[in-house]
Each structure stands twice: as C-alpha cells, then as structure tokens.
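In what follows, a single structure is set out as structure tokens and then discussed.
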Amino acid sequence: MDKKRIPVQEGLFIEADPGTGKSYLIGNKCKKCGLTAFPKTPVCPRCQIQDTMEETKFEGKGTLDSYSIVQAALPGFQQPSIQAYINLDNGPKMWSLVTGCEPTEGSLKLGMKMEMVIDKIRDDEEGNELISYQFKPAGK
Amino acid sequence: MDKKRIPVQEGLFIEADPGTGKSYLIGNKCKKCGLTAFPKTPVCPRCQIQDTMEETKFEGKGTLDSYSIVQAALPGFQQPSIQAYINLDNGPKMWSLVTGCEPTEGSLKLGMKMEMVIDKIRDDEEGNELISYQFKPAGK
Amino acid sequence: MRDVSIIGVGMTRFGKFEDRDMKDLGREAVWTALNDAGVGIKDIQVAYVANAVGQQLTELKGTIGQHVLTSAGIFGIPVINVENACTGGSTSLRGAYLEVASGNADVALAVGVEKLFCGDSAKSAQTMAAGTIYAKFGFMFVALYALQLKKWMAASGATKLHFAKVAAKNKYNGSLNPYAQFQKAMTVEQILESRVVAEPLTQFMCSTMADGAAAAIVCSSDIAKKISQKYPIQIAACELVSGTYNIPGEEHEEITTRAALKAYEKAGIGPEDVQVVEVHDAMSPAELRMYEELHLCKPGEAGMMIDEGHTTLTGRIPVNPSGGLAAKGHPISATGLAQVYEVVTQMRGEAGKRQVTNNPKVGLVENAGGWTMDDNAACAVTILKK
Amino acid sequence: MRDVSIIGVGMTRFGKFEDRDMKDLGREAVWTALNDAGVGIKDIQVAYVANAVGQQLTELKGTIGQHVLTSAGIFGIPVINVENACTGGSTSLRGAYLEVASGNADVALAVGVEKLFCGDSAKSAQTMAAGTIYAKFGFMFVALYALQLKKWMAASGATKLHFAKVAAKNKYNGSLNPYAQFQKAMTVEQILESRVVAEPLTQFMCSTMADGAAAAIVCSSDIAKKISQKYPIQIAACELVSGTYNIPGEEHEEITTRAALKAYEKAGIGPEDVQVVEVHDAMSPAELRMYEELHLCKPGEAGMMIDEGHTTLTGRIPVNPSGGLAAKGHPISATGLAQVYEVVTQMRGEAGKRQVTNNPKVGLVENAGGWTMDDNAACAVTILKK
Ligand SMILES: [Zn+2]
Ligand SMILES: [Zn+2]
C-alpha cells in the first residue's frame, strides 16, 4: 500500500507540484493597519475590530530569530530537534521546526537567512507521512 | 488463554467462593445516626461531620423500588436491559441492572423481593469478563 | 450590589456542523452578541466561557475560553473557564453577573460553546454517557429519567399522552425557530408511535447531540440605560445550586425547586408573575415536571397545563417557545445561554414567527445538568425582567 | 467591596500516588483547610474547584468539583468548576474572593485538585504536551522556555550558573518541606551536570508531573476576626489576566508584569513592600525572570539577587520557600493554591524548618499557565497581608 502525504493541518500551506512553482504559507493581513498573521487570525489584534483581515500568501523566506536544540520529543517526533522562531519576510514572527542541518549549536546563526520547505514531520499510526512547513538554512 | 473475571470496580463487593458462603456488598454506616450508604461515602450526608462512618456489609436482599426496560445500551452492554432501583434490606436505595428474567413489562412487580448476584455485565476489550453486582427476582 | 442588565445576546444555529470548530462557533455567537449590544471588542472587561467535553472531543485541551475569545479578537482580560455539565451556560452567566453586580467590572461577557460531533459518533456517544461514574456499570440517563417519570406519573396523574402533547408543542415551536436543529413540526401520534427508548419515553421525546454556541453581554443597569441599543433586560436573580443527598424515606426537595425558591426570593418575584419560560427538557416530559417544581402550577396540575394550552406560544405562560432541547438541540454548555437568548428575544418582541403574544415583562430560565449522589449535579434558575 | 481574609489552608503532599484518586486527594486538602480554619462542612456557602486534565486522565468526566466535594461531605451549595491550565488554583481563589468581597457569600471555599499519574505515563506526557494546539507540529514547551531564556540572558546578563543557583536554592528549600515531592537538596554542580534538555535548561531545573490538591477557605475580614482560630491573612488583591498578542517589532508587556501592576495598584502595596514570594517556576530559571517582571528588582539585577542570597530563606525577600514547582511538584490546578498555602503558612510563622526569618507582613503569589497567541493563556498575582 502506498504511503500518503497528509498535511498535519489543513489550510496552513500550499505545496507546489514537484518541479513547478513554489510552496506558500497561507496567512492574512489587516486592510487597515497592515499587520500580518500566520496562521490566519479572524480579527486584527492591533485594531480589534471585525472584518479587517484578508487572506495573503507568504513565500516562506525569512531570518532566524532564535532557536533551541531539544533533547526530548513527543511520541513519533525526531529527537533531538531544532525548534525556532523565524522572522518571515513581509510577515510575522512564527514558530517552526528546523530541518536540513545538524542539530548542533554550530550549525545555526541568529539572523541567518532561512527558507520554508514542506516536508514530513512524522509518520502517523497508519504509516502515512504527516507533512508540514519547516524551515532550513537558505540555499541548502 | 483463559478468560479472567475482573470486577468492574474494586471495593464494591466480595464474591463468595463457589458453593461456600455468600457474596456481599460493601457499604458503610454512620455511627451517630445510623444512615447507611452504598457505595461507601466518606462523610455521613445527614450529620455532615467527619469520622462517623464505619464499614458494613450488606447481604444483598431487597425489594424492587422501580424499574425501566431500556431499548438502548452503551457499547458492550446487552440491549434491552432492565435498570432498577432496589431498596436494600437494612440498607439504602441503590441503582442496579436486573438479570434472571425476561426484559418485558410482565416479568417484574414493584415491591417484589430481589436478591443480589455477582455476574458478568460485559466483556472487556481483551475478552475478559467484567463482573459486578446485579439483582434478580428472589428465589429464581 | 448593583442592578445588572443583559444588553446583547447571540447564538449560532444548533446542529451538526462538521466543518466548524469551537473557535468558529464561539466567534459567531460572541460577535452577534457584541453587534446586538452595540459595544466593541475592547469594551469587554471580563469573560466567562463554559464548555463541558471539548477536552475529550476536540483538539482544544485547555484554556478553551482563551482560544475561542482570541479568535474573536478578545484578549488580555480575565478569562474564567467554567464547567458545570449541562448547567455550564448558566454558570457562565452567573459569573458575569457577579462581576458586574459587585462593581468589579462594568461590562462582562458570558459564553457557552460545545462541539459534540467529532467525526466519530460512537466516541461522542460514549463521552456523553461517561458523564456519570456509573456508566461502567451500564447505567443510562434515559433509564433514570424513565424511572423517575413512572413514579411521577403515578403521583401527578400525568400520562404518556401528556408527554407526547408537550413534545408536539415543542416540535411545533422549533419548526418556527431558525436557530433550531430540527425545524419540523410533529403530531402527537407521530411522537407516540416513534420507537420506545425506555417506557414511557419514545425517540421523539428525547434531545439529541448538537454543536453550537451562545453568548450574552451584561453590564450595570445604569450604564445599560445609556449605551444599550435595545431595551435592556434586567437579571433579577441568577441562582445556582448543586445536588443534595437523597436519603431513602426522607423528604428530598427537588433541586429545581431549591434553585427556583432562591431565585424568587432574590428577585422579589413570585411564580405567578412569570410570563415566559425556558426549561431544561433533555427529555420532553421533564417540562411537565418543571411546571410543578417551579411552582408554575399546583401539584397535580401539570397535565391540565398542557391540555388547556396555557404553555403554547399564545397561552397564558408560554414554555419553551424556542422548541426546547429536543427540537432546538442540546450542545451541553451552550444550552443555558441559548435559553437566555430566547427569553431575552421574546421579552424584546423580536422572536418573529415564534413570538409569544402575552408581551412578557418577566421571564424565567431553568437549566440543570450532571449527576452526583442520585441527584443532578447542578441547577440554575435565572429570572429576567424589564 | 468588603475586605476578605484567608482563615484556613490545606494541602496534600505532592507526588505520585497511584492508589489515590481526585476525590481522596481533594477531601484531604478540604478537610485540612476546614480544620485549620475551625469551621464545619455546613459553614461553606459556595465553592470553586479547579481542575485541568481530569477529563482526559481520570474517570471523572465532568462536574469534578461536585464529585470531590460530596466525597468531603459538602453538597447543595453553588459549585463552580473552573479551568485555567496551571493558573486554575488562583482562578479558583479569585472566584471565592469575589463571592465574599461582593457580599454574595460570607464563607467560601477554593480548591485545586489534579491527578496526572494514571498508570500510563506516555498518556500523561501526551496529555501535558497537548495543552497547546501546536503539539501536533512537534512544538514543546521546554523549547519555548529555552528560546525565551536565551534572549533574556543576553538582555539581563543572567547566566546558566545563575539558573543552577536558583534551582539549588529551591531544591534545598524543598528538602525541608514535608509536602514536597522531592525532598532532596542538590548542589549547583549536580544541577549543571544533569542531562541537558534544551540548552540552557538541564533536567533538574525542570518541574515534573505530580498528583495533589490544595484548598483555602476565605471569609469577610470582619467575620474572620471573630471566628478565625489563627491570624487571618487578608487578600489585598487577586488579579487575573489573559495573554496578549505579541506583535513583532512592538513592545510586548509581559503577562506577569501586567498582572502584578494591577495587583499592586489594587492592594495599594508596592513591590518594595513584599517580603515573601512564591512564583510559578515550571523551569527554575523562570524565577529569575520573575524577580524583574514582578519589579522585585531592577532590570538586569536578577543575577545579583541570587548571587547575594536575597531570596533564600534567611534573605531579605525569600522566594519559593516551599521549593517551587521543580522541588515541590506541579499538579497543575493545585499549584496556585499550594503557593497560597505556603505564603499563608510563612506569614503565620508555621513553616517549621523552612520558616523564613524576616517575619513577613506582605506576601505575593504569581501563578501563570497555558499558551495562546505566543503568550501565556493566563496569569494571576495575589497579594496577601496581615
Ligand atoms: Zn489592524
Ligand atoms: Zn449520620
């Protein structure tokens, strides 16, 4: 039986077909004040009035805000992991797992350029791949 | 593999060895006012002060207070079932499943004598028998 | 303590909404209530949010109020998550009421939200049943209702026909309510001929599962007079009690009666003054018992109340104009605030096709739930006046 | 609003109690508090009961307060079940406080009870992690703490050695506390050399799972003077807030600071007056941050506070004399009331071997928890005085 790739949550990202176009994160933006959000928030937290948010896509480029190498994991997840905050270009700060480099203090530098990648984060109970956005050092 | 008989909850009853003695319900009684309880209550609900309750055993004789034939069941339980309140001799009113008679309106009469029996109420996920107190028409 | 009024109410339709989560449902109810009151997100100073089984059936495993409210744009303020089985909605209202009555806040929000359909109906059913610790012995609530009703029928003279008449009245009311889960009228015969669940209860006398949310915004009556867009409805009393031990052979005062007597006393309003009522009829016949237990009629008169039509939309004292739990649906913690929504809407004269015709000045909400010690775990009675 | 005082406190030891359920734990805490106050079961007029994950890990699936309280002989009264993640205990106290302050009740009970060990440690761990909706992405709280601490270290000048010193102070305090889960002192070296969980956090800096319960009885200060067996401790403030949106590039006021400033203002008491403190140190280094966020010292002075011993049992302002969460254990909803237990006990001079030596007249409890919008879901700061 073929393993399926299943998004860990719907509505967060669009995965590009292999070889064509780009993957995107789906967030939203306040028409009034310009605040951006990922994941989408129904109300602008700065304006706090209804109906100012509209959907927007983020390309998934950003910089490393902070990170931690974690020697513990929830069931099914890799240990150690790198957990980080990314400052998204033209977007908000967001939490993400980091992939594409060794989980050692030397492999990351605060402020370095990062790029989003859609990849497996763990297998589910039926052996399917649960996929989500992650970030890796840009160009790697 | 042998099926085990497992009490659905510990501390509610003592099952007699086959052929010897009797089974009992384990309740308690207020040293101050005589109120009886099943299952055990840590505080006498009439006196509402600490440390008046002491353990007591009920023989499991009683009368039928009220009953209902239920054409629905929780997963694993028999449908229909007879669910009843029993007035326990020298004890409180208590809820119980009724066994040992057809689940039809004609087979029970309010006020009739009932007696306690320890028997299977359902199988668990591993195929063991979950046992509990139940009541049946006396002498049947 | 200050007088407190309801200045805004909101609710979602109740039903099975497979693609809506609690944040989505809660937000709709909260925003509707805010718009109804004409106040903004930033005006809310404290919020109480009721939920019963979200931890078991949804992906929200805690601080559900904060998750729901931030999705509605409300954050930073004190948020108190409450649970009281089916009485959660009223418990939430009571909290908001006390905040304002005490002067601790000027404007407070009460929300009830519940999501019972989780894509696995066996899991939902198991969760509903597990509300009592006797579930593992095979105990079912419907049997308990049946046992009690059989005894009560003997005492009151009410019959199965009366039960069906109450159910039919409520199905009719529900057919006129755009927020009801089941908007279909039924005849007395259809109800009597539906499947027997536990004699004397048939299928169409019983409430079913639903998703939904409801909300109310309260503020001090003085402020309400200044800011309310609509006629403010005063909370004359909101009294909560828990169950008592039922000692065999001794008088046991019904939990509903205990809550109601406290509420009547607090409000300075008697049952004879009440003109519109929502009661907690998880099984339709419970409504008949409530007529007596709330002292809306004398003992033994419940059957007469329905025979003579006193509790229909056009009657002397309409009961469950919303359709009640069996027609409107019963999303546990949302129910109490949906009852408040209904009575407020009726008292404002905004209930459309199901509008009662007696121009009620005083309304009452009864909301009970849970099971401990052979009694309901909680019961709240709220009295509203204008 | 009336002045409100705590007249009785009680708690169980915290730890792994495989053969005790929530009813058993709750009853012990409630009875101990009743006996401490010298009031009877029937004197309690309203109760708030906090629990976080009982629905997921125990057989009690709702109205947990009623189940726990009836087992302690308390029933019939209004029972409000509250949840606020790790802030549940303080939320419960706040409710009891408001009941009495408003005059709605004269004597009120606040309980927090939690059962985390369920015979399946994987299930318990999963449940703890699932408190955030990001768990399914692999998000771990310990990583969050580590991320924040790394930034904070850069800003404040605090070092990993400071973190270990705080942890060692608290392990020592815990070694003197008969109610603590871990009653074993540890050296700074042992803590630094324990397994790294997420740099800069090591194993012995982190709190673990525990079962336990705690309770407090409050009444109006006037009545307290008449009936209290012991010196009543007044609740000068009990302020709850929820998290705020953290907008990148904009100032984000810490949730603890927001709660503390509200509490200081309400109490008319400044941080310079505080003489004994319990803070919510789910990871020991969080205590250092609290020194600054609660304004117990100036920004950048946290390291100095621990270096100079100001917060030890014999210091100028003892912090976490109980041992804090990492030594005492952290049964989610019981924690806030156990913190109150500790501060009341210290202010009465009844803390035995761990008694602080500055004869405190003013105490403070900080209790935070949950996670929404990149901030804690809730935080409460309570100020006590005698
Ligand atoms: Zn905006
Ligand atoms: Zn007694």
Side-chain angles (χ1 to χ4, degrees), chain A residues 6-9 12 30 33-39 41 43-48 62-88 90-99 103-105 110 120-122 124 130-134, chain D residues 120-155 160 194-203 205-208 242-253 283 285 371-375:
Chain A
I6 303 173
V8 70
Q9 184 175 310
L12 288 179
C30 178
C33 79
L35 179 137
T36 53
F38 176 83
T41 177
V43 184
C44 171
R46 189 191 278 136
C47 298
Q48 282 184 290
T63 53
L64 184 66
D65 178 81
S66 51
Y67 71 95
S68 172
I69 295 161
V70 187
Q71 307 288 341
L74 297 176
F77 288 91
Q78 273 199 343
Q79 178 182 335
S81 66
I82 310 176
Q83 311 213 349
Y85 276 107
I86 307 292
N87 290 313
L88 209 54
N90 306 310
K93 188 169 85 168
M94 60 177 288
W95 173 88
S96 180
L97 287 180
V98 171
T99 185
T104 51
E105 295 287 339
L110 296 186
K120 184 180 95 161
I121 55 167
R122 68 177 179 96
D124 74 4
L130 290 176
I131 59 167
S132 180
Y133 62 85
Q134 296 178 53
Chain D
D120 177 350
S121 56
K123 187 177 175 190
S124 296
Q126 186 77 51
T127 300
M128 298 294 291
T132 155
I133 52 172
Y134 294 111
K136 62 184 171 186
F137 298 95
F139 171 89
M140 295 186 77
F141 272 113
V142 69
L144 182 74
Y145 273 96
L147 284 171
Q148 292 182 340
L149 284 169
K150 282 165 85 173
K151 286 211 159 183
W152 182 75
M153 288 163 85
K160 193 169 169 179
S194 66
R195 195 171 64 79
V196 173
V197 181
E199 189 62 33
L201 291 166
T202 67
Q203 183 187 351
M205 296 177 187
C206 301
S207 66
T208 59
S242 57
T244 51
Y245 204 90
N246 196 334
I247 300 174
E250 296 185 17
E251 184 79 21
H252 181 250
E253 192 174 20
M283 314 285 165
W371 197 250
T372 46
M373 297 183 309
D374 211 14
D375 199 354

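Just the heavy atoms: all of them, side chains too, but no hydrogens, waters or symmetry mates, feed the values below. The sequence lines fix the lettering, A, B, ..., with proteins before strands; numbering per chain opens at 1.
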- Query: More than 12 non-hydrogen atoms from neighbouring residues, nucleotides or ligands closer than 6.0 Å to CG on Asn90(A), yes or no?
  - Reply: no

- Given that the side chain runs from C-beta out, which part of Leu144(D) has a heavy atom under 4.5 Å from chain A: side chain, backbone, both or neither? side chain

- Query: Judged by atom type as modelled, is there a donor-acceptor pair below 3.5 Å linking the side chain of Arg46(A) to the main-chain atoms of Ile247(D)?
  - Reply: no

- Query: Is it the side chain or the backbone of Glu105(A) that comes within 4.5 Å of chain D heavy atoms, both, or neither?
  - Reply: side chain

- Tyr245(D) OH to Cys44(A) SG distance, which is reported to the nearest 0.5 Å: 8.5 Å

- Query: Which atoms of Pro103(A) come close to chain D, meaning under 4.5 Å heavy atom to heavy atom: side chain ones, backbone ones, both, or neither?
  - Reply: neither

- Item | Where Ser68(A) and Ala198(D) come nearest, the two heavy atoms and their spacing | OG-CB, 3.5 Å

- Which region of Leu88(A), side chain (C-beta onward) or backbone (N, CA, C, O), has a non-hydrogen atom less than 4.5 Å from a non-hydrogen atom of chain D, or is it both or neither? neither

- Side chain, backbone, both or neither: which part of Ser81(A) has a non-hydrogen atom closer than 4.5 Å to chain D? neither

- Query: What part of Tyr67(A) lies closer than 4.5 angstrom to a heavy atom of chain D: side chain, backbone, both or neither?
  - Reply: both

- Query: By a 4.5 Å heavy-atom criterion (distance strictly below it), what part of Asp65(A) contacts chain D: side chain, backbone, both, or neither?
  - Reply: both

- In terms of heavy-atom proximity below 4.5 Å to chain A, should Gln148(D) be classed as side chain, backbone, both, or neither? neither

- Note on the structure: Rounding to 0.5 Å, atoms CD (Gln83(A)) and CZ (Phe137(D)) come to a distance of 12.5 Å

- CG-CH2 distance between Leu147(D) and Trp95(A), expressed to the nearest 0.5 angstrom: 10.0 Å

- Item | Lys136(D), part contacting chain A, at a heavy-atom distance under 4.5 Å | both

- Message: Less than 4.5 Å apart, side chain to side chain, heavy atoms only: is that true for Leu74(A) and Met140(D)?
- Response: yes

- Task: Step through the shown structure and confirm whether more than 12 heavy atoms of other residues, nucleotides or ligands are within 6.0 Å of CD on Gln78(A).
- Result: no

